[in-house]
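Encoded as structure tokens, the structure appears first; notes follow it.
All residue numbers refer to positions in the sequence shown, counting from 1. Order of appearance sets the numbers: ligands from 1, and atoms from 1 within every ligand.
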Amino acid sequence: MEILRQAILEKGRVLPGNVLKVGAFLNNQLDVKLLSSMADEIYNHFNNKGITKILTVEASGIALAVLVAERFGVNAVFAKKSKTANVDGELLTAECYSYTHKVMNNLILGKEFLLPGENVLVVDDFLANGQAVYALKTLVEKAGANFSGVAIAIEKGFQGAGDKIRGEGIDLYSLAIIDSMSDSQIVFR
Ligand code: G4P
């Protein structure tokens, strides 16, 4: 998606450790106009799949997930990374290791918010090592719902998870795929 690639080139910054900082429009400040266009693009790709629920993980995936859900006319749900006081009832859980933060998170979602037979589209801001996507897929399967596809804003293609996920026949749609990056250059697929 050209306007997202332009935003990455103009406002993104590559930090040591292969981390792309995009706080100017995605991870801290939210560029609502850009995010709205991204949501339109995701809707156009998945609109024939009978999507009934958008699923993401807190925190940075939520903004895009909400805009996408609005396009489909359905609700968005987000998995939490820890059990807080306002979580009760029957829970779906899935382990998720974060390579970036070097911690194991237990993703948690109230069972009542993902029902058997629902067609679920997973939305997230970044695809790096794919742990979040696989953990969200586990939640969908535990719910007895259908894993209908994955929409990602920025895929770090050089980390390999995207190709693995596509190789498994999953409909993965990334709006920008970065094949390599350094502090002087970002190369898109
Ligand atoms: P995964 O998301 O593919 O499983 O990969 P990983 O475990 O490495 O990612 C851990 C966190 O770091 C995720 O957010 C992910 O979105 C984010 N991340 C990974 N690579 C980059 C990057 O190059 N730039 C930025 N800005 N983020 C990256 P999280 O921990 O769930 O954080 P948040 O959603 O609460 O912000």
- Could you pull out all residues at least two apart from E10 that satisfy salt bridge (Lys or Arg N to Asp or Glu O under 4.0 Å)?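 Here no residue qualifies.
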
- Report the residues that fulfil salt bridge (Lys or Arg N to Asp or Glu O under 4.0 Å) with K137, sequence neighbours left out, ordered by chain and then residue number.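 Partners of K137 under the salt bridge (Lys or Arg N to Asp or Glu O under 4.0 Å) test: E141.
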
- Answer yes or no: does atom CD of E95 have more than 12 heavy-atom neighbours from other residues, nucleotides or ligands under 6.0 Å?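 Counting other residues, nucleotides and ligands, CD of E95 stays at 12 neighbours or fewer.
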
- Step through the shown structure and confirm whether more than 12 heavy atoms of other residues, nucleotides or ligands are within 6.0 Å of CZ on R166.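 For R166, atom CZ is crowded (more than 12 foreign heavy atoms under 6.0 Å).
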
- Query: Among all residues two or more places apart in sequence or in another chain, which pass the side-chain contact (heavy atoms from CB on, under 4.5 Å) test with Y173?
  - Reply: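 Partners of Y173 by the side-chain contact (heavy atoms from CB on, under 4.5 Å) criterion, ordered by chain and then number, come out as E41, H45, F46, L175.
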
- Message: Keeping N119 on the side-chain end and G50 on the backbone end, is there a donor-acceptor pair under 3.5 Å?
- Response: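 Answer holds: yes.
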
- Query: Name the residues with a heavy atom less than 4.0 Å from ligand 1?
  - Reply: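 Residues near ligand 1: N18, V19, L20, N27, E58, A59, S60, K81, Y97, S98, Y99, T100, H101, D125, F126, L127, A128, N129, G130, Q131, A132, K156.
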
